[in-house]
Amino acid sequence: MSSDHVISLIGFPGSGKSTVGVLLAKRLGLEFIDTDLLIQTREHATLAEIIAASDHHNLRRIEEQVLLDMPIGPSVISTGGSVVYSPTAMERLKKVSTVVYLRATYVTVEYRISLAPDRGIASGADETLADIYSERIPLYEQYADITVDVDNTPAETLAGQITALVDAQ
Ligand SMILES: Nc1ncnc2c1ncn2[C@@H]1O[C@H](COP(=O)(O)OP(=O)(O)OP(=O)(O)O)[C@@H](O)[C@H]1O
Ligand SMILES: O=C(O)C1=C[C@@H](O)[C@@H](O)[C@H](O)C1
Ligand SMILES: [Mg+2]
């Protein structure tokens with residue numbers, strides 16, 4: 001049976017927002033939205049191309065605009081890892097959705113990102129992955145309504161855990 005939930009997934013790149021999001025949407029009979037794909041469609045370019053052609057600040061601006069402009073109905077929304085840099089985008093998500101933080105250890109995201117190093121992270125070239133991780137963790141924590149630990153748990157199991165936690169709210 002479909003539900004009328006609105007669930008936003010936030011977390012570090014590689015935490016599984018897109019992978020878990022689509023399974024969660026399927027399980028709950030909800031629309032699935034990946035804001036990274038909305039950005040790419042709107043800009044007619046991949047995220048990596050957008051960063052290469054301008055800079056990460058521009059990608060963050062585009063991401064914010066997409067988050068503010070998109071219609072939001074019952075759905076699972078997988079965000080980009082950098083969405084937490086926009087207080088206005090996060091304010092909107094907090095207002096209309098349950099924000100679920102997929103919490104991954106540094107070791108997990110470092111490994112998963114190494115499998116697809118060209119996916120594009122919206123941060124300065126002089127920042128290490130460890131710097132970016134330390135900078136962002138407090139932001140994900142700040143905005144989370146629900147936190148789920150994702151290390152060593154299959155995506156399908158996580159979708160089940162999130163369903164139970166959202167239903168219990
Ligand atoms: N629970 C999981 N267990 C094992 N591997 C996973 C799990 N969730 C995701 N992955 C794998 O980790 C990688 C990153 O997943 P995914 O693209 O969903 O992350 P993301 O949070 O959407 O990242 P981004 O912010 O870059 O869009 C993929 O290779 C995916 O198959
Ligand atoms: O966390 C990040 O900085 C990003 C993650 C990706 O999902 C994309 O949103 C983009 O490449 C930036
Ligand atoms: Mg994703």
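Order of listing sets the numbers, starting from 1, for every ligand and every atom in it.
Assignment of Thr79 to the shell around ligand 2 is not supported, since no heavy atom sits closer than 4.0 Å. Residue Arg136 places a heavy atom less than 4.0 Å from ligand 2. Ligand 1 has at least one atom lying under 4.0 Å from a heavy atom of Gly14. Ligand 1 lies nowhere less than 4.0 angstrom from a heavy atom belonging to Gly11.
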Walk me through it: do Thr163 and Leu24 pass the test side chain to side chain contact (heavy atoms under 4.5 Å, CB included)?
CA-CA 7 Å; Thr163 300; Leu24 184 61; 3.4 Å; yes
For side chain to side chain contact (heavy atoms under 4.5 Å, CB included), just list the numbers for Glu135 and Asp131, CA-CA rounded to whole Å, side-chain angles, deciding distance to a tenth of an Å, and then say yes or no.
CA-CA 6 Å; Glu135 178 178 277; Asp131 293 336; over 6 Å; no
Please walk me through it: do Leu139 and Met90 pass side chain to side chain contact (heavy atoms under 4.5 Å, CB included)?
CA-CA 10 Å; Leu139 296 172; Met90 289 312 301; over 6 Å; no
Applying side chain to side chain contact (heavy atoms under 4.5 Å, CB included), run through Tyr133 and Glu110 and close with a yes or a no.
CA-CA 10 Å; Tyr133 187 85; Glu110 185 187 38; over 6 Å; no
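Below 4.0 Å from some heavy atom of Gly16 lie the following atoms of ligand 1, by number and element: 8 (N), 9 (C), 15 (O), 16 (P), 18 (O), 19 (O), 20 (P), 21 (O). In the vicinity of Pro13, heavy-atom distances shorter than 4.0 Å reach the ligand 1 atoms 23 (O), 24 (P), 25 (O), 26 (O). Of all atoms in ligand 2, numbered sequentially from 1 with element shown, those under 4.0 Å from a heavy atom of Leu47 are 8 (C), 10 (C), 11 (O). Near Ser82, meaning under 4.0 Å from one of its heavy atoms, ligand 2 places the atoms 1 (O), 2 (C), 3 (O), 12 (C). Heavy-atom contacts of Thr153 reach the following atoms of ligand 1: 1 (N), 2 (C), 3 (N) (cutoff under 4.0 Å). Near Phe12, the atoms of ligand 1 lying under 4.0 angstrom from a non-hydrogen atom of the residue are 21 (O). Listed by atom number, the atoms of ligand 1 under 4.0 Å from Asp36 heavy atoms are 27 (O). The contact set between ligand 2 and Pro13, taken as ligand atoms under 4.0 Å from a residue heavy atom, comprises 1 (O), 2 (C). Listed by atom number, the atoms of ligand 2 under 4.0 Å from Asp36 heavy atoms are 6 (C), 7 (O), 8 (C), 9 (O).
Residues Tyr143 and Ser8 form no side-chain contact, since every pair of their non-hydrogen atoms from C-beta on lies 4.5 Å or further apart. Two residues are said to be in side-chain contact when any heavy atoms from C-beta on lie closer than 4.5 Å; Ser75 and His5 fail this criterion. Considering only heavy atoms from C-beta on, Ile72 comes within 4.5 Å of Leu93 through its side chain. Here the side chains of Phe12 and Leu102 are not in contact, with every heavy-atom distance at 4.5 Å or above.
Between Ile77 and the options Leu30, Ile10, Thr35, a side chain to side chain contact (heavy atoms under 4.5 Å, CB included) holds for only Thr35.
Excluding waters, the set of protein N, O or S atoms lying under 2.8 Å from the Mg ion (ligand 3) comprises Ser18 OG.
Under the 3.5 Å distance criterion, with hydrogens and angles disregarded, no donor-acceptor pair is assigned to the side chains of Ser78 and Asp34.
Between atom 11 (C) of ligand 1 and the options Glu156, Lys17, Arg112, the minimum heavy-atom separation is to Arg112.
In terms of hydrophobic clustering, with Ile, Leu, Val, Met, Phe, Trp and Tyr side chains grouped at heavy-atom distances under 4.5 Å, Val6 and Met70 are assigned to a common cluster.
The proximity of Leu59 to ligand 2, defined as any non-hydrogen pair under 4.0 Å, is limited to the side chain. The part of Pro154 lying near ligand 1 is the backbone, judged by heavy-atom distances below 4.0 Å. Counting heavy atoms under 4.0 Å from ligand 2, residue Gln40 does not touch it at all. Heavy atoms of Leu158 found under 4.0 angstrom from ligand 1 belong exclusively to the side chain.
In this structure, Arg103 forms no cation-pi arrangement with Tyr140, as its terminal cationic atom is not both closer than 6.0 Å to the ring centre and no more than 45° off the ring axis.
Val107 belongs to no multi-residue hydrophobic cluster, having no ILVMFWY side-chain contact under 4.5 Å with any other such residue. Counting Ile, Leu, Val, Met, Phe, Trp and Tyr side chains that sit under 4.5 Å apart, directly or through other members, Leu115 shares a hydrophobic cluster with Tyr111.
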With a 3.5 Å cut-off and sequence neighbours excluded, list the donor-acceptor pairs that the side chains of residues 38-45 form with protein atoms.
residue: Gln40; atom: OE1; partner: Leu47; partner atom: N; Å: 3.0
residue: Thr41; atom: OG1; partner: Leu37; partner atom: O; Å: 2.8
residue: Arg42; atom: NH1; partner: Asp69; partner atom: OD2; Å: 3.2

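Considering backbone and side-chain N/O of Leu115, none are found under 3.5 Å from N/O of ligand 1. The shortest N or O to N or O distance between Val150 and ligand 1 is not under 3.5 Å. By the 3.5 Å distance cut-off applied to N or O atoms, Thr79 is not counted among the residues near ligand 1.
The minimum heavy-atom distance between Ala104 and Ser15, with the atom names listed, is CB-CB, 4.2 Å.
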